[in-house]
Amino acid sequence: MQAAMITDDADVRARVRRILDRPRLCEEREEIWTAAAAGGGDLPHAEATYRALGAAGLLAPHWPRAYGGLHADPYAAATVAEELALHGVPDSVRVNTVDNAGATLLAAGTPEQRARHLPGMAAGTTAFAVFYTEPEVGSDLGALATRAEPTGNGWRLNGAKAWNARTSSAEFAICAARTPGGGNKYADISLFVLPLSAPGVHITAIPTINPEVFFHVRLDDVALPHDALVGRPGQGWSLLSQALGLERTGICFAGRARRWLDRLIAALRAGGRLGAAEERHALRALDARVEACRLLAWRAVQDVAERRTGASSAAAAKWWASELAQHVAWLSWELLGPPPAGSAGHPLFPDLLLAVREAPGLTLAAGTSEVLLNTVAADLLDGEDPWEREVV
Ligand SMILES: Cc1cc2nc3c(=O)[nH]c(=O)nc-3n(C[C@H](O)[C@H](O)[C@H](O)COP(=O)(O)OP(=O)(O)OC[C@H]3O[C@@H](n4cnc5c(N)ncnc54)[C@H](O)[C@@H]3O)c2cc1C
């Protein structure tokens, strides 16, 4: 069925809300929060929600219709991302699959790679993990050590990846590895489509307090065909930097800050604890900061949409939004918690409890706070920004 034409971003927002308000999808969210707050296992994937959005062309609305999108602009994609955060729908599978792997295939994949993977990604039936970080390499990703050697039949990959989220929900990963050639540490990074079922891929969980389990992946002589390479050898750095665009605008983080603050205020009100004038005043000031953070994130979206160069507006927005969302989560804990063990019925339960557990990772994922501030400083000083470096 062909998805309907969209008119503007208010139309996109209304459509997403209508879908997310379906009783079955509200139930799915409650089930996910309750299961995750109870602990144990990975955060369940919101599969029914993804499929419903996908069927309406709304999981990747900015993609061409031929691949399951609506041929909309990047504002539509940001609107969807914001609504998912505002509704508390786990969105890392979408970020990894659509914003990272999908954007990369759309930019540089062969017609065969696009035809094979993009429609399933946009429909919510195919999920990708992102294998960039390594046990010894995070912020300085250009120092990655995983190698891809050419063989007569294709490529052989060896190395290790770490802190990869949502790997348990994925069938494939977009994987960064070093290929022969290149003149500096960025010039020989290449990207590959890696089936997680390939012999030699060993995946183990790294449990933390984060509601999403992280994974460690060992790649032992993993054989890939020629056509697993995305783009040209050595194009990887440029492609992965571009794909971080929307994630770096902070829109998902700003959405979390808004949702969690509204939940905190509602919980305080319900408990008759919103009376103290001083506390009310502090919460009003926080409310204004959350609104300002949303506007900052939308300005960064505008820069992405209008292809303005310079990463500092996105870096500033992601930094501010993730720090603020983290602050709101921890304030909830301070004002409402801590809950006794297994306490359904406590005002933090279930989704604010998940917020508290998610909070530490917010200022690490998609660029740590310190590294983002370096980017802002480099831009102010007119210095070189490593995330903007063009290698090709
Ligand atoms: C929720 C979450 C999801 C993630 N999902 C994925 C995923 O799906 N796939 C994937 O590949 N990776 C993923 N990661 C990993 C993430 O990309 C890395 O954690 C991040 O790049 C930081 O790397 P690191 O953890 O090695 O820390 P490091 O880079 O070692 O940093 C450690 C500390 O040093 C500081 N620091 C580092 N460099 C500098 C500098 N130049 N100046 C000042 N301070 C500096 C950092 O700010 C930080 O405080 C995820 C992480 C989180 C938290």
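Here, residue 1 is the first one in the sequence, and each next residue gets the next number. Worth saying up front: this structure is predicted, and the values here are computed from it rather than measured. Remember, it's 1-based here, ligands and their atoms both numbered in the order they're listed.
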Legend entry - Nearest-0.5 Å distance that lies between atom CG in L196 and atom CZ in F215: 10.0 Å

Legend entry - Spatial distance of atom CH2 (W260) from atom CG (D351) [nearest 0.5 Å]: 9.5 Å

Legend entry - Ion pair R256/D91, N-O distance below 4.0 Å: yes

Legend entry - Salt bridge present between E82 and R258 (N-O < 4.0 angstrom): no

Legend entry - Side-chain ion pair, R15 and D11, N-O less than 4.0 Å: yes

Legend entry - Partners passing salt bridge (charged side-chain N to carboxylate O under 4.0 Å, His left out) against E171 (at least two apart in sequence or in another chain): none

Inset, instruction - Give the protein residues with at least one non-hydrogen atom closer than 4.0 Å to an atom of ligand 1, ordered by chain and number. - result: N96, V130, Y132, T133, G138, S139, W163, N164, A165, F214, G361, L364, A365, T368, E370, V371, N374

